[in-house]
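The analysis underlying the following values was restricted to heavy atoms, covering all of them including side chains, and did not include hydrogens, waters or symmetry mates.
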Amino acid sequence: MDSIKIRSGFIRHSWPEKAGLKIDRPNGIDEYLFLHFWTPVQIELNGQVITTQPNACIIIHRNTPQLYYWKEPLTHDWFRMIGDVPSFLEKYGLKTNTIYYPKNFSFITSLTRKLELEYTVESLYSDELCECYLKNLFIQLARELSPNQNQFKVLNTQTKNTLKKLRYQLSLEYDKKWTISSMAEFVNFSPSYLHATYKNYYGVSPIQDLITIRMQQATILLSDNKISVNEIAEKLGYPNTQQFIRQFTKSIGISPLKYRKSASKINI
């Protein structure tokens, strides 16, 4: 199988877009495009317009017409790929022009960030390391989409819908001082039952999912040098700045200030 790589300069993680924009490419582009939408978008596939749920992923085939738009401010991860992409995707059971919803999605932004930084610094063996990151991303995506992943206990439709309702609410009110008790009260579950079923279905606990959502928002806010780290901690619902810094460093791998410096270098 031939290798694949990111087209240099065409990759962004946690990338914000203004509300009300539209991407309309009647002839597509001459590369494969990976998109991870944090927030809902309207996208046209096979002549039908689909409104996605949060954290939808799609790999758009080269030279495929592209039409997608959004009403609210959008944040997404994206990159363009060149090389033998079809063989690469086939190996992991993934298809182009198909919307996917991985239950655990935090790895996408993390690995896209690593890819973006690696392409920016262009260190020794960057191409080889980036290909490893790409394989890692698509392997994890394939695992998350596998019906046999972790052999999750089958949940009834009502329970699944209730969990989806909570997850959507967490994505809207990430600044709220949530606890497992307040989450359980929101969906009328006991705290222990909520923790067990949520982790059963999504692969992570509801508290860890909330942390992931907050970290996604933190990377957006850190791209604005006008907002202090103290203000960001408050906007994300943390009781104090030090707790936010510890959580961010543990989740992302570097401190908020170091992340801000690296992000500013990339966006120049």
For this session: Dump the intermediate steps for side-chain contact (heavy atoms from CB on, under 4.5 Å) on Asn55 and Gln216, then the final yes or no.
Result: CA-CA 11 Å; Asn55 289 293; Gln216 287 182 328; 3.8 Å; yes
Just how far is it from atom [atom1] of [X] to atom [atom2] of [Y], taken to the nearest 0.5 Å?
X: Glu231; Y: Lys226; atom1: CD; atom2: NZ; answer: 12.0 Å
X: Cys57; Y: Leu141; atom1: SG; atom2: CG; answer: 5.5 Å
X: Gln217; Y: Asp175; atom1: CD; atom2: CG; answer: 9.5 Å
X: Leu111; Y: Cys132; atom1: CG; atom2: SG; answer: 11.5 Å
X: Thr197; Y: Leu155; atom1: OG1; atom2: CG; answer: 6.5 Å
X: Met215; Y: Thr109; atom1: CE; atom2: OG1; answer: 12.5 Å

Heavy atoms only: give me the nearest [X]-[Y] pair and the separation to one decimal.
X: Leu236; Y: Ala218; value: CD1-CB, 3.6 Å
X: Ile220; Y: Ser14; value: CG1-O, 4.2 Å
X: Asp224; Y: Arg260; value: O-NH2, 2.8 Å
X: Asn97; Y: Ile60; value: OD1-CA, 3.4 Å
X: Pro206; Y: Ile180; value: CG-CD1, 3.5 Å
X: Leu115; Y: Cys130; value: CD2-O, 3.3 Å

Without swapping roles, check the side chain of [X] against the backbone of [Y] for a donor-acceptor pair under 3.5 Å.
X: Tyr101; Y: Gln53; answer: yes
X: Glu31; Y: Ile82; answer: no
X: Tyr174; Y: Thr212; answer: no
X: Ser251; Y: Phe248; answer: no
X: Gln243; Y: Asn240; answer: no
X: Thr159; Y: Thr157; answer: no
X: Thr64; Y: His61; answer: yes
X: Ser171; Y: Tyr168; answer: yes

[Y] side chain reached by [X] side chain, heavy atoms, under 4.5 Å:
X: Pro86; Y: Asp84; value: yes
X: Phe244; Y: Arg214; value: no
X: Ile207; Y: Met183; value: yes
X: Gln66; Y: Asp24; value: no
X: Ile58; Y: Thr52; value: no
X: Val49; Y: Ile43; value: no
X: Gln169; Y: Trp178; value: yes
X: Phe10; Y: Ile6; value: no

Exercise. Do the numbers put Lys165 on top of the ring of Phe186, so that NZ or CZ is under 6.0 Å from the six-membered ring centre and no more than 45° off the axis?
Worked result: yes
[atom1]/[X]: more than 12 non-hydrogen atoms of other groups inside 6.0 Å:
X: Glu90; atom1: CD; value: no
X: Gln48; atom1: CD; value: no
X: Glu185; atom1: CD; value: no

For this session: Under the side-chain contact (heavy atoms from CB on, under 4.5 Å) rule, what do Leu94 and Leu145 come out as? Steps first, then yes or no, please.
Result: CA-CA 9 Å; Leu94 298 170; Leu145 299 171; 3.9 Å; yes
Is it possible for you to say whether [X] and [Y] belong to one hydrophobic cluster, with membership spreading through side-chain heavy-atom contacts below 4.5 Å?
X: Tyr69; Y: Leu21; result: no
X: Trp70; Y: Ile50; result: yes
X: Ile23; Y: Leu67; result: no

Exercise. Does Lys5 pair with Glu131 as a salt bridge, N-O distance under 4.0 Å?
Worked result: no
Exercise. What pairs meet the salt bridge (charged side-chain N to carboxylate O under 4.0 Å, His left out) rule with one or both residues in residues 37-64, with sequence neighbours excluded?
Worked result: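 Sorted pair list: Asp30-Arg62.
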Problem set entry | Glu234 versus Asn230, side-chain donor and acceptor atoms under 3.5 Å | no
For this session: Indicate whether the side chain of Tyr198 and that of Asp209 have a donor and an acceptor atom separated by less than 3.5 Å.
Result: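 Looking only at side-chain atoms, Asp209 and Tyr198 do form a donor-acceptor pair, the distance falling under 3.5 Å.
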Can you classify the ring geometry of [X] versus [Y] as parallel (below 30°), tilted (30 to 60°) or perpendicular (above 60°)?
X: Phe37; Y: His76; value: parallel
X: Phe105; Y: His36; value: tilted
X: Phe88; Y: Tyr92; value: perpendicular

For this session: Start with the C-alpha distance between Phe189 and Thr162, add both sets of side-chain angles, then the distance that settles side-chain contact (heavy atoms from CB on, under 4.5 Å), and finish with yes or no.
Result: CA-CA 10 Å; Phe189 286 174; Thr162 301; 3.7 Å; yes
Problem set entry | Working for side-chain contact (heavy atoms from CB on, under 4.5 Å), residues Glu116 and Phe79 | CA-CA 9 Å; Glu116 185 177 1; Phe79 52 81; over 6 Å; no
Problem set entry | Partner of His13 by ring-ring contact (aromatic ring centres under 6.0 Å, His included), out of Trp38, Phe34, Trp78, Tyr259 |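 Running ring-ring contact (aromatic ring centres under 6.0 Å, His included) over Trp38, Phe34, Trp78, Tyr259 with His13 returns exactly one hit, Tyr259.
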